[in-house]
Structures are given as structure tokens and as C-alpha cells.
2 protein chains.
Amino acid sequence: MFSNSTKYAIKAVLYLAVHSSEEQKIMIKDIAEPINVPKHYIAKILQALSKKDIISSTKGPKGGFYLTSDQLQTKVMQIIETVDGEERLNSCLLSLEKCNSDNPCSLHHLVFDEKNKINERLKMTILKDLRQHIMRGESILPL
Amino acid sequence: MFSNSTKYAIKAVLYLAVHSSEEQKIMIKDIAEPINVPKHYIAKILQALSKKDIISSTKGPKGGFYLTSDQLQTKVMQIIETVDGEERLNSCLLSLEKCNSDNPCSLHHLVFDEKNKINERLKMTILKDLRQHIMRGESILPL
DNA sequence: AGTAAAATATGATAAAAATCACATTTAAGA
DNA sequence: TCTTAAATGTGATTTTTATCATATTTTACT
């Protein structure tokens with residue numbers, strides 16, 4: 001459903017959501033290890049996310065990555081779209097350009113309602129929600 | 001969600017479900033073109049499906065690919081699993097091995113019910129159903 | 001100012017997925 | 001039985017994705 005890059009991005013951002021703050025920056029190597037992602041690969045992804053202002057960073061000693069309270073408002077969907085591009089989740093199961101509810105492909109009706117529901121949730125769920133969920137012990141931080 | 005190979009496989013098999021029969025075999029090139037898939041690529045996929053007995057084939061002049069009436073009973077899920085392997089649809093969104101409903105990852109609850117519902121449908125829908133749907137004009141054959 | 005510790009930029013390599021090519025096998029029909 | 005038309009088997013090439021490496025820039029601290 002998602003590319004590895006997106007999965008890694010979500011894991012990293014969730015890690016930051018739980019463990020970082022403006023006063024508590026985290027270095028690449030201290031993110032890569034607990035979320036179980038190759039260091040160089042996650043570095044590239046974090047840089048891209050930083051450029052898009054989904055996460056924050058500072059260089060130099062005592063530097064690292066972190067989330068501001070504004071950035072805790074980021075929707076999960078925004079991360080997915082930033083890394084994988086907008087189409088991936090919106091495209092037809094069979095990748096038919098012309099497929100839509102008026103002119104549905106043969107699998108359309110099997111998934112349409114559910115896919116919509118999932119997309120809606122990804123659009124309305126923000127990092128703060130997931131963080132709360134984790135801190136309440138209702139879900140686990142990924143590794 | 002699916003690999004290109006699986007999308008192509010489904011398109012090809014649907015094409016056969018609508019246009020072929022034991023008396024009406026179809027050559028690779030006459031499948032590849034209408035479903036808009038590279039000829040050599042779909043050839044390889046059709047061979048694999050044939051070996052797994054999801055479709056039938058005969059060599060030589062007047063040969064080609066076709067479905068028997070038994071093969072019209074094939075579930076959509078079987079095609080997906082044959083091409084992409086079993087895990088793809090069952091794995092966690094973040095590909096965490098340990099993720100399950102007792103120990104859910106942070107995205108689990110956003111998609112679990114819907115993903116299950118979709119999987120159920122893919123498991124119970126057979127080619128004959130989709131063929132009927134198409135022939136009634138309720139969905140389109142892909143291209 | 002100088003040094004060291006961090007991210008950043010850029011590009012190289014490896015692995016996987018998609019695509020292409022062709023020689024081999026099988027079966028129909030003359 | 002010969003020729004031809006089809007699938008089959010095998011592998012090569014290309015493209016995309018994932019991963020690794022390293023030189024550069026920035027910033028804190030001495």
C-alpha cells in the first residue's frame with residue numbers, strides 16, 4: 001500500500017512526535033536505530049521532510065531533528081503525499097485513468113467505500129492524535 | 001496496493017473471462033493490445049497463471065489462452081496471491097511483524113476493519129461474478 | 001578564531017521490478 | 001511428414017526503488 005520510504009517516514013515522524021520537542025532534539029542515528037531503518041536512508045527522508053516543513057532540524061553540535069507544536073498538527077495523509085506523491089492513494093486499483101464511480105472498473109465496487117473511509121481517516125488524523133494514542137498505551141511505537 | 005504484475009494479471013484474466021471459452025481461444029497479442037499491457041510482459045504472467053491452473057492454454061496453430069467453466073469459479077484473491085504472494089495483502093501498514101489487534105501499530109485502528117472487509121470481498125468474489133457485472137454493463141472491462 | 005558535531009547535498013552502488021528478446025517445444029493442417 | 005503458428009523457457013536489459021558513502025555547510029563551544 002505504501003512505499004518503504006513512506007513507511008519509514010511515518011515511523012520516524014511518530015518517533016519524533018513521542019520523543020522530541022524544541023528542547024529535545026534527536027540525531028539521525030538515535031532515530032534510525034529504534035525504528036529499525038537504515039541510517040543513510042532515513043537521513044535522506046528526514047532531509048526531505050525537513051525541507052517540506054513537516055519536521056524541523058538544526059545543524060551543528062546539540063543539533064538534530066524535532067517537531068514543533070505546530071508540526072504535531074500535521075495530518076498523516078500529508079506525510080504520505082509528501083513522500084509517495086498524491087496519486088498513489090487516489091488511483092484506481094487497476095490503475096485505469098478513466099475509472100470512476102460513473103464508469104467503474106470491475107473491482108471498483110469491491111473497495112470504493114472502504115478505501116474512501118480509510119482515506120478520510122488518514123486525512124483527519126493528526127500526529128498529536130497518534131501520539132496520545134501511543135502514550136495511553138493503546139498502540140505501540142513501531143520498531 | 002497491487003504490483004503491476006497483479007494488475008496486469010487481473011486485467012488479462014477478466015478479458016479472458018468475458019471473451020474466451022474452450023472453443024474460443026485467444027492469442028497473447030490479442031490479449032495484450034486491448035488491455036494495454038506490454039506483450040512480452042503479459043506473456044510471462046499468462047504462462048505463470050497457466051502453470052498454476054488459473055487459466056488454460058494450448059500451443060500450436062489455433063492455440064491460445066482461455067478459461068474453462070471451472071476456472072470461472074476462481075476467486076479474485078487467488079489471482080492476487082498467485083502473482084504477488086500471500087503476505088502483501090495481509091501485512092501491517094508499516095510492515096511491522098509484531099503488529100496485530102492485541103499489539104497494534106499506530107495506524108492499525110485506522111484501517112483494520114476496512115482492510116478486512118476488502119479482503120473478505122476479494123476472497124468471495126469469483127470471476128463469474130465480475131463477468132456478469134461487466135456483461136450487465138455495471139462495470140467496464142479495463143483498458 | 002578554531003575545532004568538533006551535527007545536518008545537508010550530491011552522487012554511487014545494489015536490489016528488485018518491469019520490460020524485451022529469442023531459441024525451443026508443441027500441435028494443426030496441407 | 002513438413003511447415004507454420006502458437007505457447008513455453010530462459011535469460012538479458014532497462015527502470016525504479018532502496019541503500020550506502022562522502023564531501024560540504026552550519027553552529028555551539030572553547
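Labels below follow one simple rule: chain letters A, B, ... track the order of the sequence lines, proteins then strands, and each chain is numbered from 1. What you see is a predicted model; the values in this text were computed from it and never measured.
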Looking at the base of C:dG11, is there any donor atom on it, or on the side chain of A:K44, that sits under 3.5 Å from an acceptor on the other one?
yes

May I have the step-by-step check of salt bridge (charged side-chain N to carboxylate O under 4.0 Å, His left out) for B:E114 and A:R121, ending in yes or no?
CA-CA 11 Å; B:E114 282 70 27; A:R121 298 228 182 95; 3.0 Å; yes

Using a heavy-atom cut-off of 4.0 Å across all strands, would you classify A:K39 as base, sugar-phosphate, or nothing?
nothing

Can you figure out which of D:dT19, D:dA6, C:dT8 approaches the side chain of A:Y41 most closely?
D:dT19

Within 45° of the axis and under 6.0 Å from the centre of the six-membered ring of A:F2, does NZ or CZ of A:K7 qualify?
no

What integer distance in Å separates B:I31:CD1 from D:dA6:P?
12 Å

Which label fits B:H133 and A:H109: parallel for a plane angle under 30°, tilted from 30 to 60°, or perpendicular past 60°?
parallel

Length of the CZ-C1' vector between B:R88 and C:dA17, whole Å
10 Å

Five-pair end axes of the helix from C:dA1-D:dT30 to C:dA30-D:dT1, angle between them (10°):
0°

Could you run down nucleotides 23-30 of chain D 5' to 3' and tag each one B, S or - for protein heavy-atom contact under 4.0 Å?
--BBBBS-

Side-chain N or O of B:S57 closer than 4.0 Å to phosphate OP1/OP2 of D:dA6
no

For A:S56 and A:Q71, which I'm curious about, is there any donor-acceptor pair between the side chains at under 3.5 Å?
yes

Can you tell me if B:S50 touches the phosphate of D:dT8, counting only side-chain N or O atoms and a distance under 4.0 Å to OP1 or OP2?
yes

Going by atom types alone, do A:S101 and A:H108 pair a side-chain donor with an acceptor below 3.5 Å?
yes

Could you say whether A:N4 or B:I26 is positioned toward the 5' end of DNA chain D, judged by the nucleotide with the nearest heavy atom to each?
B:I26

Short side-chain donor-acceptor distance under 3.5 Å, A:S50 and A:S57:
yes

Do the side-chain N or O atoms of A:Y8 get closer than 4.0 angstrom to the phosphate oxygens (OP1, OP2) of D:dA18?
no

Check whether A:I80 and B:M1 end up in the same hydrophobic cluster, where Ile, Leu, Val, Met, Phe, Trp and Tyr are linked by side-chain heavy atoms less than 4.5 Å apart.
no

Does NZ in A:K25 sit with more than 12 non-hydrogen atoms of other residues, nucleotides or ligands closer than 6.0 Å?
yes

Can you tell me how far C1' of D:dT8 sits from CD1 of B:I42, to the nearest Å?
15 Å

Rounded to whole Å, please give me the gap between CG in B:D84 and C1' in C:dA17.
11 Å

Output the rounded distance in Å from NZ (B:K25) to P (D:dA6).
12 Å

Which one, C:dA7, C:dC20, D:dT8, comes nearest to the side chain of B:F65?
D:dT8

Rounding to an integer number of Å, can you tell me how far B:I28 CD1 sits from C:dT26 C1'?
14 Å

When you look at CD of A:E86, are more than 12 heavy atoms from neighbouring residues, nucleotides or ligands closer to it than 6.0 Å?
no

For the pair made of CD in B:Q47 and P in C:dA21, what is the distance, rounded to whole Å?
16 Å

Expressed in angstrom and rounded to an integer, what is the separation of A:H40 atom NE2 from C:dA6 atom C1'?
14 Å

Decide yes or no for A:V83 and A:L49: does some side-chain heavy atom of the first lie under 4.5 Å from some side-chain heavy atom of the second?
yes

